[in-house]
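Inspection log for the structure reproduced underneath, given as structure tokens.
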Amino acid sequence: MEYNFREIEQKWRQKWKDTQAYTVSNESGKPKYYVLDMFPYPSGAGLHVGHPLGYIASDIFARYKRLKGFNVLHPMGYDAFGLPAEQYAIDHGIHPAASTEKNINTFRKQLDNIGFCYDWNREVRTSDPKYYKWTQWIFLQLFKSWYNRQTDKAEPIDRLVAIFEKEGNINHPVPNSRFELPGGTGQVFTATQWAAFDEFTQQSVLMEYRLAYCGFGEVNWCEALGTVLANDEVINGVSERGGHPVVKKKLRQWYLRITEYADRLQRDLETVDWSDAMKEMQTNWIGKSSGAEVEFSLASPPTPLLGERGGAASPGAGKSYKTADNNWHILKEFGRENRKNPTPAEDLLWQHIRNNKLGFKVRRQHTVRGYIVDFAILEAGLIVELDGEYHSEEQQRIYDEARTDFLKELGLTLIRFRNEEVLQNVEEVIEKIKIAIQEQKQNSVNAAGLPLLPGEKGSGDEAAGVRGLRVYTTRPDTIFGVDFMVLAPEHELVEQITTPDQKATVDEYVAYVKSRSERERMAEKKISGCFTGAYAVHPFTGKNIPIWISEYVLAGYGTGAIMAVPAGDERDHKFAQHFGIPITNIFGDVYTGEEAVSDKNVTLYNSGFITGLPVKEASEEVIHALEENGDGVRKINYKMRDAAFSRQRYWGEPFPVIWKDGIAYPLDESELPLELPHIDEIKPGKDGEGPLSNNEGWLTSFSPSFGGGRGESSTMPGYAGSSWYFLRYMDPHNDAAFCDRKASDYWNQVDLYIGGTEHAVGHLLYSRMWTKALYDLGYIGFFEPFKKLVNQGMIQGSSRFVYRVRGTSKFVSHGLRNQYETDQLHVDVNIVDGVELDIEAFKKWRNGEYANTEFILEDGKYICGVEVEKMSKSKFNTVNPDDLVNKYGADTFRMYEMFLGPVEQSKPWDTKGIEGVHRFLKKLWRLFYDENGPIWTDTAPSPSERAGGEATAAELKILHQTIKKIEDDTERFSFNTGVSAFMIAVNELTELQCHKKEILENILVLLTPYAPHIAEELWHQLGNSGSILDAPYPKFEEKYVLETSKTYPVAINGKTRTELNLPLDITQQEVEKLVQENDIVLKWLEGKPPKKVIYVKNRMINVVV
RNA sequence: GCCCGGAUGGCGGAACUGGUAGACGCGCCAGACUCAAAAUCUGGUAUUGGCAACAAUGUGCAGGUUCGAUUCCUGUUCCGGGCACCA
């Protein structure tokens, strides 16, 4: 009886369907296990052999876990929203909903062919309104939440409003440091001010806190296509389709405030079982770095006054705020001492007003003309003093009054608080300070010309409103090596600081950069940039530093500006060399002048007060000095940016918001889902809006409850639906919640997640953030979605080529192609056997396009060229799993995909070896049947008449070795060696002519996860009932595989020369003796005694001569 | 450019914690069965030299550590993936 795989597989697929064999319940006494695949985007090309690699691996593991007694959740669905369907619609006029539906049906049929154990009752589709109702709902939760840095979690926005009403935002600073309250009054407001804000201002402020918020961001804009493009749709500044120019454009965009989660996303990586490479990629993406943000004042007025800074030799002379007289450095020492021993009240107030929290720079223990003041807000001409205990002394009071008068003469206002005032109600104190600032600011306009504050920024007319140039650096220690500053070309200051004579050059350069994608800018080897004509002032030396712009500084990272230290940074070094900027050496002999010093174990040189200090200490000193002077703050930065969450596209989830008077209002949850309207023709909207903007009727249709307004015309990105789908599988049909808390408590984290590394940062990071947000808000009970992650490698295509002789219809074989001038053409890999072209099939290919072709053969064959490329339809190198399943069966296909190599490894597809696996299954079959029928034997003599007696020791050894190997290999996802172990077992059992049911039955159970159809069939043939998935998993017993001796390799100087069979319990002395009696060893010893004999039990013996 | 992987016979790969390099399969060669072919079965197969025993070489490349390195370290080349609107 033959192995008829077609009949068997079809039969069992139907039976499993009929018996609902893979339906999973949320109620079970068994322990749970959740195995998940990254769900596919149903592309029009259908499934190719690369897709199922991960699915087969997870299917094996899911079945294995089920056999081991777990209640296994193993679902599947479709990531069905996305750009390709939309593009297809634009090109072919087929609606995305229709093409997606069609593609899903194809995918499903293909998946079914392979015999997966998915519980299809739980299928999800992200484009289904029943599903995206909850995507929208989660968006609304994010919109209605903010991140409380004090409790370190997301909380409802109502709570923030309550806080504002009580104390303003003094304890909860605005996340975005560039934010300005209306009227340019900084970032901090009091409860009174909050109450006075109008609705628009209040909502604008809240928007700055929401986890899902609206802001402005740059996109790749293609005017000719009227649409926004992805980075990889832009090549060399033009669109991939059509080659139209692409520029950056600022558009209103939705964002997710993922940066608030940066630290937790980083920290919690410790709690998951992912590969180090994967964790490292996430770590790099998050890009946590610590350093300092330094504010350089601008030299002003620009260039003409440069020479007027007299006394530049004395320290601090060039500082923009020179407020003390010649004794200032003595006083400064006092100030420094005081700073180290602040009173509790001083410290408390300082914590509330430092770091620009008032919107103004505050200096502490600042020297003013012979006096040390507690706090100085020089920009506003305000001095804040706190009483110490000694201030109650009468004499002190008189002194204080005298000082007040003196400061008044200088045009400064002094306000004074008692210590208790501060300690008891710091909010009120701050409110008073703010009010004083407001008042003083108005007055100080008149006081602008006072000699007290030479070089004060803001005093010049042109630079009015410019606070200074803020840079972020991870190397504050190199600050004495700053030779120039570099701004991102799109930095907001560029326009303001550029001098008239540099304007033309700068404008030209900015326009050039605007046409380049971020990736091009990062990958650029050529050095480009230009000088703005402006200078910044060094906070310690007072030296003027030229300000440049260059594309190697990115606007989105840090402050969009850097202090360039050529001696300590390679890119800065190249830049300086290229433009001939003199380089300051701050590393002494270590710096050769050839390249920047990257070594961090150096001491500094020529660096003022940090000369001679090592990097780390120097950094600390510099940060302290900056903070004391109010010129900078310690700062932790993240490379990660907030995630752009809107797309100017049609085929995505609509935003459940309505815009009215510039305010975004959330739709009521009862109105969800907000369904995507069906539109007949998808075309871009005006001014960069998405296609939905052409549908004015729809945009205004859901606004009546708001009394007008307009919906959002952009849609959510692809990752919206995929950021939470693993939760929906737990409770897929729930109409009252995205997932019942009971269900998510039961299934909890995904125990095993399998998918490609291409999602290393995007999808995996967003899912983690959504999970954390839902956890914070109390909707689920775990904060990491995927406990263990296994990355399957990418299956590449192996392309085949034919060579057409130019100008003819002749094709020449690969080996002879150099004798002609040829064009290389892709040929369908499916009509090539290895490298030999099936000429008849080729003639029929593409509807007989090559029917009359002649061939120039070598050795009577046409040999094709080979190249490894990405698998794609256009390269004719895709292989359809359907064809292979049809020819060899699903079991063969599954095992072959696994046999190709380690799951994690990328490799090109090659169908060649599949025969071997198919042969193995046939060989397995022949352990049960020969041409005449069943041949298995029973232990009991009757009734089968084929009694085989007890299993022999050799047979039991094979069985138990296999049990151990398969368990080990399956547990560590080494499925390729697992398949190999089955082959070895079958080969050995065949050799022993073992047909004993007792042995074979166990082998079948082991095989079930890998080849479920044949295992189930033979299991039933052996007379079992029920499903083999419910059979007990064989138990490994060591006693069957124990050995008493081992054949050791004997090496001389590490090179194996012979073997010795030795008992396992032999001692070192005995080994040494036996080794020295061995003929071959003696030959290599050449009469000398061995230097040493190394004996490692169970491993090897090495003789050192 | 930056980040993360990978490289072992003619091919896919094995060697799990530093201990016999090449398991298992493909391909190839030889043989059996057959009029013949397919299928199936048996044996061989890293390279070089040798009838053989055996010897030398050998895990991308160049070094290092070690009694011993595919495995650890340093440098380097090539290939693949990602780099924020492809999914």
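Lettering follows sequence order; numbering is per chain, from 1.
If you take atom C1' in B/G18 and the same atom in B/G10, they sit 31 Å apart, rounded to whole Å. Taking atom C1' on both B/A56 and B/G1, the two are 46 Å apart, rounded to the nearest angstrom. Distance check on atom C1': B/C54 versus B/G63 gives 32 Å, rounded to whole Å. For the P atoms, the distance linking B/G6 with B/G13 amounts to 13 Å, nearest Å. B/U76 and B/G81 have their P atoms separated by 23 Å, with the value rounded to a whole Å. Comparing B/C4 with B/A55, their C1' atoms sit 44 Å apart, to the nearest whole Å. Using atom P as the reference point in both B/C11 and B/U17, the two lie 27 Å apart (nearest Å). Only the P atoms considered, B/C26 is 24 Å distant from B/C16, to the nearest whole Å.
Looking at heavy-atom distances under 4.0 Å, A/M640 makes contact with a base. At a threshold of 4.0 angstrom between heavy atoms, the contacts of A/K965 include nucleobase atoms, whether or not backbone atoms are also involved. Residue-level contact check: A/D969 touches neither bases nor backbone, having no heavy atom under 4.0 Å from any strand. Nucleic acid contact class of A/Q253 (heavy atoms, under 4.0 Å, all strands): base. At a threshold of 4.0 angstrom between heavy atoms, the contacts of A/K1091 with the nucleic acid are absent. Residue-level contact check: A/W274 touches neither bases nor backbone, having no heavy atom under 4.0 Å from any strand. In this structure, A/A760 reaches neither bases nor backbone, as no heavy-atom distance under 4.0 Å exists between it and the strands shown. Looking at heavy-atom distances under 4.0 Å, A/L229 makes contact with sugar-phosphate atoms alone, never a base. The residue A/N987 sits close only to the backbone: its heavy atoms come under 4.0 Å of sugar-phosphate atoms, none of a base. Residue contacts for A/S43: at a heavy-atom cut-off of 4.0 Å it reaches no nucleic acid atom on any strand shown. Using a 4.0 Å heavy-atom cutoff across all strands shown, A/P902 reaches sugar-phosphate atoms only and no base atom. Nucleic acid contact for A/Q648: base, since at least one base atom lies under 4.0 Å from a heavy atom of the residue. Residue contacts for A/G762: at a heavy-atom cut-off of 4.0 Å it reaches no nucleic acid atom on any strand shown. Within the 4.0 angstrom heavy-atom criterion, no nucleotide atom of any strand lies near A/K279.
OP1 or OP2 of B/A56 lies within a sub-4.0 Å distance of a side-chain N or O belonging to A/R1057. For B/U40, the OP1/OP2 oxygens have no side-chain nitrogen or oxygen of A/R926 closer than 4.0 Å. Listed pair A/Q796 / B/G80 fails the phosphate criterion, with no side-chain N or O lying under 4.0 Å from OP1 or OP2. The side chain of A/T126 places no N or O atom within less than 4.0 Å of a non-bridging phosphate oxygen (OP1 or OP2) of B/A87. Contact between the side-chain N/O atoms of A/K1055 and the OP1/OP2 oxygens of B/G68 is not found at any separation under 4.0 Å. Side-chain N/O atoms of A/N976 include none lying less than 4.0 angstrom from OP1 or OP2 on B/G13. In this structure, A/N284 does not reach the B/G82 phosphate: none of its side-chain N or O atoms is under 4.0 Å from OP1 or OP2.
Residue A/F39 forms a ring-ring contact (aromatic ring centres under 6.0 Å, His included) with just one option from A/F726, A/Y78, A/Y725, and that option is A/Y725.
Proximity note for A/E758 (side chain, C-beta onward) versus B/A87, B/U20, B/G13: the nearest is B/A87. Relative to the side chain of A/S980, the nucleotides B/A23, B/G12, B/C26 differ in distance, and B/A23 lies closest. Across B/G13, B/A55, B/G19, the shortest atom-to-atom separation from the side chain of A/K1083 is found for B/A55. Comparing B/A55, B/C67, B/G25 by their closest approach to the side chain of A/F899 singles out B/G25. When the nucleotides B/C3, B/C24, B/G19 are ranked by their closest atom to the side chain of A/M281, B/C3 comes out on top. In this structure, the nucleotide among B/G81, B/G12, B/G25 sitting nearest to the side chain of A/M983 is B/G25. You'll find that the side chain of A/R919 is closest to B/U40, out of B/U40, B/A87, B/C85. Distance from the side chain of A/K907 is smallest for B/G13 among the nucleotides B/C85, B/G13, B/G19. Comparing B/U20, B/C24, B/A87 by their nearest atom to the side chain of A/D79 picks out B/A87.
For B/G9, the O4'-C1' to base torsion is within 90° of 0; the nucleotide is therefore syn.
Using a 3.5 Å distance cut-off with no hydrogens or angles, the side chains of A/D969 and A/T977 do pair a donor with an acceptor. Between the side chains of A/T259 and A/D642, at least one donor N or O lies within less than 3.5 Å of an accepting N or O. When only modelled atom types and interatomic distance are considered, A/N987 and A/K923 share a side-chain donor-acceptor pair under 3.5 Å.
With hydrogens and angles left out, the side chain of A/N1102 and the base of B/C67 share a donor-acceptor pair within 3.5 Å. In the interface, the side chain of A/E280 is not paired with the base of B/C3 through any donor and acceptor atom under 3.5 Å apart.
Taking the six-membered ring for Trp and thresholds of 30 and 60 degrees, A/Y888 and A/H918 have ring planes more than 60 degrees apart, a perpendicular arrangement.
Aromatic pair A/W909/A/Y896: centroids less than 6.0 angstrom apart. Ring pair A/Y213/A/Y255: centre-to-centre distance below 6.0 Å. The aromatic ring centres of A/Y132 and A/F81 sit less than 6.0 Å apart.
Counting heavy atoms of neighbouring residues, nucleotides and ligands inside a 6.0 Å radius, atom NZ of A/K1046 exceeds 12 of them.
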Just the dot-bracket of RNA chain B, please: which string comes out with Watson-Crick or G-U pairs under 3.5 Å, [ ] for crossing, | for another strand? (((((((..(((......[....)))((((((.......))))))((((....))))..(((((..]....))))))))))))....

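Taking the side chain as every heavy atom from C-beta outward, A/R252 and A/C214 approach each other to under 4.5 Å.
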